[in-house]
Amino acid sequence: MRVADAFLAAHGRAPEGVWHAPGRVNLIGEHTDYNDGFVLPFALPWGVSAAVARRDDGVVAIRSLQAPDEAYTLTDLDRAEGWVRYAAGVVWALRDAGHDVGGADIVLDGDVPRGAGLSSSAALEVSVAVALDELYGLGLDRMTLARLAQRAENEFVGMPCGIMDQAASALSAEGHALFLDCRSLGHRNVPLDVSAAGYTFMIIDTGVHHELADGQYARRRQDCENAAKRLGVAALRDVTDLAAALARLTGDERKRVQHVVTENHRVEATVGLLRAGAVAEVGALLNASHLSLRDQFEVSSPELDVAVEAAVRGGARGARMTGGGFGGSAIALVPADRVDGVRDEVSRAYREREFAAPRFLPAVPSPGARRLA
Ligand code: GLA
């Protein structure tokens, strides 16, 4: 395995094991996780592999095949910079929670398309978390590891993300989506065999890099928290009478609530349709989710809007932006015999608007984090 070979070359010994954690795409349930709501992501075939061995001097050495010129040997985790903070942050979070985690040599190899909003950072965090959990015999369950990875990102990296990405990476199952209640953290793997129904999921990577930490994400979170406070509920998840809530709000807060409350219903409806085997009907919910994210939550972008509209024109049953927004990717539910048509229509629309060419990736529901060797 390439990452094990690289480990041997760097450290003069074999790793104790190799662990893999996937990136994710979210089928539906956007900007609901930090409102204690519902999400329905699934793991992708791409991820991060971590070759790891313990060290007895407490030092954490981190390198990546994607950044061969940078190798960090950290006695002080806080000296980590850039992408290294995602890995160092996991060690910090484990230790801060009182777990006896010593040093480690860590070599990473990742293939999640960068900047596509497919959670390469969660994949990195979770790969390191599952490796250290096993090597140091911590015996933590997957949800606990996901929460520690989220804490690393919130407090060590400084990105106020919810739990969705780390949970999807840690807990997904092949051929399934992960239905997660972000309040109770209860979860179920929902069968997602759309190919049997003649469909395929297509990811359209707009190629526009999104910077979630640029403040917009945090501002949306703040809008939601302000609205919840005004409505006297712990989180927007608790809004049961939408009309009454909207009547008490104005401006941005009103729009944010409209999105979050209806999006939670769309997630539950999607799960119900999938269970009923009504795959095609999910398309309408994807379209509605996109309009809500565009008009009420205001996190779409021209590239995402054009991708979604063109995908549907080209024959997709439905499409929506996926992930935090402001660029990144869209996901489309496409009849197997319309894949070329959708691709052509989106490419044509992009040329017409003089956008850089998008990338098309097949999204196959893949296994969650696991040990490879
Ligand atoms: C990003 C965050 C997630 C979630 C989505 C929006 O991906 O990391 O926690 O909030 O945005 O649904």
Side-chain angles (χ1 to χ4, degrees), residues 21-44 85-86 89 112-126 143 146-172 177-183 185 187 203 205-206 208-225 235-237 256 259-264 266-267 270 285-286 289-290 292-294 296-301 304 320-331 363:
R24 65 93 188 96
V25 64
N26 189 17
L27 178 55
I28 198 160
E30 217 67 81
H31 290 277
T32 46
D33 60 354
Y34 54 81
N35 289 300
D36 279 1
F38 304 113
V39 293
L40 192 65
F42 62 88
L44 292 170
R85 286 193 82 77
Y86 294 93
V112 184
R114 286 283 186 98
L118 303 176
S119 290
S120 55
S121 48
L124 197 167
E125 293 153 7
V126 172
M143 187 57 83
R147 291 180 70 185
L148 286 164
Q150 180 201 8
R151 178 144 188 261
E153 187 151 343
N154 289 168
E155 294 180 36
F156 203 81
V157 176
M159 156 65 192
C161 63
I163 187 66
M164 171 169 70
D165 306 345
Q166 292 79 9
S169 184
L171 288 149
S172 288
L178 181 75
F179 177 42
L180 172 66
D181 177 334
C182 299
R183 169 170 281 167
L185 298 183
H187 50 89
I203 291 172
D205 175 7
T206 66
V208 178
H209 190 72
H210 67 144
E211 203 46 79
L212 281 182
D214 74 350
Q216 287 291 346
Y217 184 90
R219 276 173 55 188
R220 292 301 180 284
R221 267 196 92 139
Q222 195 60 55
D223 289 348
C224 292
E225 276 163 35
L236 293 185
R237 148 73 170 274
R256 309 305 182 235
H259 167 72
V260 172
V261 174
T262 58
E263 185 78 351
N264 277 329
R266 284 186 287 270
V267 177
T270 301
L285 295 167
L286 301 182
S289 172
H290 185 77
S292 181
L293 287 157
R294 186 190 73 185
Q296 310 297 336
F297 217 71
E298 298 177 293
V299 290
S300 190
S301 71
L304 287 166
R320 57 182 288 277
M321 56 153 279
T322 181
F326 306 107
S329 296
I331 182 170

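Since we're looking at a predicted model, the values are computed, not measured. All ligand and atom numbering here is 1-based and tracks the order in the structure.
The contact set between ligand 1 and G162, taken as ligand atoms under 4.0 Å from a residue heavy atom, comprises 9 (O). Below 4.0 Å from some heavy atom of C161 lie the following atoms of ligand 1, by number and element: 2 (C), 8 (O), 9 (O). Of all the atoms in ligand 1, the ones that sit under 4.0 Å from a non-hydrogen atom of Y34 are 10 (O). Listed by number with element, the atoms of ligand 1 under 4.0 Å from a non-hydrogen atom of Y217 are 1 (C), 2 (C), 3 (C), 4 (C), 9 (O), 10 (O), 11 (O). Taking a cut-off of under 4.0 Å to the non-hydrogen atoms of M164, the atoms of ligand 1 that pass are 4 (C), 5 (C), 12 (O).
In this structure, T322 contributes its side chain and N26 its backbone to a donor-acceptor pair below 3.5 Å. Q150 places a side-chain N or O within 3.5 Å of a backbone atom of C161 that can act as its donor or acceptor partner. Side-chain atoms of S172 do not come within 3.5 Å of backbone N or O of S169 as any donor-acceptor pair.
The shortest N/O to N/O separation between D165 and ligand 1 falls below 3.5 Å. Looking at E30 next to ligand 1, an N or O pair under 3.5 Å apart turns up. Looking at M159 next to ligand 1, no N or O pair under 3.5 Å apart turns up. Residue R24 places at least one N or O, backbone or side chain, under 3.5 Å from an N or O of ligand 1.
Residue M321 places every heavy atom at 4.0 Å or more from ligand 1.
At least one side-chain heavy atom of R147 sits less than 4.5 Å from a side-chain heavy atom of L185. The shortest side-chain heavy-atom distance between R220 and D223 falls under the 4.5 Å cut-off.
If you look at R220 next to ligand 1, there are no close heavy atoms at all, none under 4.0 Å.
Between atom 4 (C) of ligand 1 and the options T322, V299, D33, the minimum heavy-atom separation is to D33.
Checked against side chain to side chain contact (heavy atoms under 4.5 Å, CB included), S119 has the following partners two or more places apart in sequence or in another chain: R24, A122, D165.
Between the side chains of R266 and S289, no donor-acceptor pair of N or O atoms lies under 3.5 Å.
Between R256 and E298 there is a salt bridge, since a side-chain N of the basic residue sits under 4.0 Å from a carboxylate O of the acidic one.
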